[in-house]
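All values below come from the heavy atoms of this structure, side chains included, with hydrogens, waters and symmetry mates left out.
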Amino acid sequence: MPPAIPSEDILAYQDALRRGDKRACAEIVQRQVDRDVPLRSIFLALFQDGLYEIGRLWEENRISVAIEHLATSITLSLLHIVYPRLFRIPRTGRAAIVATAPGEQHYVGARLVADICELHGWDSHFVGSNTPLSEFRGIIEEKRPDALAVSVTLRSSLPSLLTLIDTVQAFAPDLPLIIGGQGVAAVDPAVLVGYPAVRHHRTLDEFESFLAAA
């Protein structure tokens, strides 16, 4: 059985992230890499859950927005530690474009989704945050992806997400378009009636099942 991340390391990582201690966070991540902990565990238990905890503390007004931004910056800077292993994974020949909903500035979730694609042997094309609607056709026609994955952090981004869906389906009606994230977690399924190519993945497990089966 692959080694798991010790609970004390998870707690220490979250504490270091909250304090903005980049060196301590890096040491904990590197320790898991050296122990051959599965990359999926590192992405979820450290990177994802660490940011979820930071988000919870911010919502409770226990940390400032500056600390939240610092934690985001630290998390992004730590990804290089795992990349050497990530890009040694055999390729499947599949590719995905990963983006945020138009107008969103929160892109860390989408960045982690792009890396999860790589973890499953897909090539990911991460186009960052707030990509103009007019740019999607060009990148889709150039890369010819097998899926478009859109991360939605804010519920207020739902109207722009639906506009993006309409825009993409007008020229690529058969392209699987996957949406997920906290911003659409509680969306009524009726909203997506009439969008047969759209898949709402409420959990990362659902998304990974799609990647594995495609």
Side-chain angles (χ1 to χ4, degrees), residues 40 43-44 47-48 51-52 55 68-69 72-73 75-77 79-80 82-83 86-87 91-187 191-192 194-212 214:
R40 184 180 190 274
F43 276 113
L44 300 186
F47 297 154
Q48 176 185 268
L51 287 175
Y52 280 172
E68 184 206 16
H69 289 173
T72 297
S73 176
T75 302
L76 291 173
S77 72
L79 292 173
H80 77 278
V82 303
Y83 278 167
L86 184 66
F87 292 117
R91 302 289 89 190
T92 64
R94 301 278 187 172
I97 291 174
V98 182
T100 68
E104 283 237 10
Q105 300 297 329
H106 298 80
Y107 62 90
V108 178
R111 176 67 179 271
L112 292 178
V113 165
D115 290 338
I116 291 294
C117 289
E118 298 286 346
L119 190 61
H120 285 266
W122 285 53
D123 292 324
S124 65
H125 306 291
F126 175 59
V127 298
S129 63
N130 203 18
T131 299
L133 280 171
S134 59
E135 298 293 326
F136 277 92
R137 180 164 191 158
I139 190 67
I140 289 171
E141 291 181 344
E142 176 184 344
K143 298 301 182 183
R144 299 191 176 278
D146 297 283
L148 169 63
V150 183
S151 173
V152 188
T153 302
L154 303 176
R155 187 172 176 80
S156 59
S157 296
L158 183 58
S160 66
L161 170 66
L162 295 178
T163 301
L164 171 62
I165 292 172
D166 287 332
T167 299
V168 171
Q169 293 205 326
F171 65 85
D174 298 323
L175 176 66
L177 201 160
I178 300 158
I179 62 173
Q182 293 173 312
V184 291
V187 165
V191 172
L192 299 176
Y195 297 103
V198 176
R199 304 166 183 259
H200 180 194
H201 290 174
R202 297 180 183 276
T203 67
L204 190 59
D205 286 342
E206 291 181 26
F207 181 59
E208 290 185 290
S209 294
F210 167 80
L211 294 175

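Across every non-hydrogen atom of Glu104 and Leu154, the tightest pair is OE2-N, 2.8 Å. Summarising the geometry of Leu175 relative to Pro145, their closest heavy-atom pair is CD1-O, 3.5 Å, with the distance given to 0.1 Å. Closest heavy-atom contact between Pro102 and Ser160: O-OG, 2.8 Å.
Judged as a salt bridge (Lys or Arg N to Asp or Glu O under 4.0 Å), and not counting sequence neighbours, Glu68 has no contacts. For Asp174, there are no side-chain hydrogen bond (donor to acceptor under 3.5 Å, both in side chains) partners two or more places apart in sequence or in a different chain. Looking at residues two or more places apart in sequence or on another chain, you find a salt bridge (Lys or Arg N to Asp or Glu O under 4.0 Å) between Arg94 and Asp146. Under the rule for a salt bridge (Lys or Arg N to Asp or Glu O under 4.0 Å), the partners of Arg137 that lie at least two apart in sequence or sit in another chain are Glu141.
The backbone N or O of Asn130 sits less than 3.5 Å from a side-chain atom of Thr100, completing a donor-acceptor pair. In this structure, the side chain of His125 does not engage the main chain of Ile139 through any donor-acceptor pair within 3.5 Å. Remark: side-chain polar atoms of Thr203 are paired, donor with acceptor, to backbone N or O of Glu206 under 3.5 angstrom.
Here the straight-line distance linking atom OG of Ser209 with atom NE2 of His120 works out to 8.5 Å at 0.5 Å rounding. Taking CD1 from Ile179 and CZ from Arg199, the interatomic distance works out to 12.0 Å, rounded to the nearest 0.5 Å. Note that the CD atom of Glu118 and the CZ atom of Arg91 stand 4.5 Å from one another [nearest 0.5 Å]. Note that CD1 of Ile178 and NE2 of His200 are 11.5 Å apart. Values are rounded to the nearest 0.5 Å. Atom OG of Ser124 sits about 10.5 Å away from atom CD1 of Ile116, to the nearest 0.5 Å. With rounding to the nearest 0.5 angstrom, the CH2 atom of Trp122 is 4.5 Å from the CZ atom of Phe210.
The shortest distance between side-chain heavy atoms of Leu158 and Val152 does not fall below 4.5 Å. Using a 4.5 Å heavy-atom cutoff, the side chains of Phe43 and Leu204 are not in contact.
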| task | Go through the steps for Ser151 and Val98 under the test side-chain contact (heavy atoms from CB on, under 4.5 Å), then give the verdict. | result | CA-CA 8 Å; Ser151 173; Val98 182; 5.9 Å; no
| task | Dump the intermediate steps for side-chain contact (heavy atoms from CB on, under 4.5 Å) on Leu76 and Phe47, then the final yes or no. | result | CA-CA 9 Å; Leu76 291 173; Phe47 297 154; over 6 Å; no
Only pairs under 3.5 Å count here: list side-chain donor-acceptor contacts from residues 105-113, not counting sequence neighbours, and write none if there are none.
unit_1: Arg111; atom_1: NE; unit_2: Tyr83; atom_2: OH; d: 3.3
unit_1: Arg111; atom_1: NH2; unit_2: Tyr83; atom_2: OH; d: 3.0

Name the atoms and distances for all side-chain donor-acceptor pairs under 3.5 Å in residues 161-169, with sequence neighbours left out.
unit_1: Thr163; atom_1: OG1; unit_2: Pro159; atom_2: O; d: 3.1
unit_1: Asp166; atom_1: OD1; unit_2: Tyr195; atom_2: OH; d: 3.0
unit_1: Thr167; atom_1: OG1; unit_2: Thr163; atom_2: O; d: 2.8

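Of the charged side-chain nitrogens involved, none lies within less than 4.0 Å of a carboxylate oxygen, so that Asp123 and Arg144 do not count as a salt-bridged pair.
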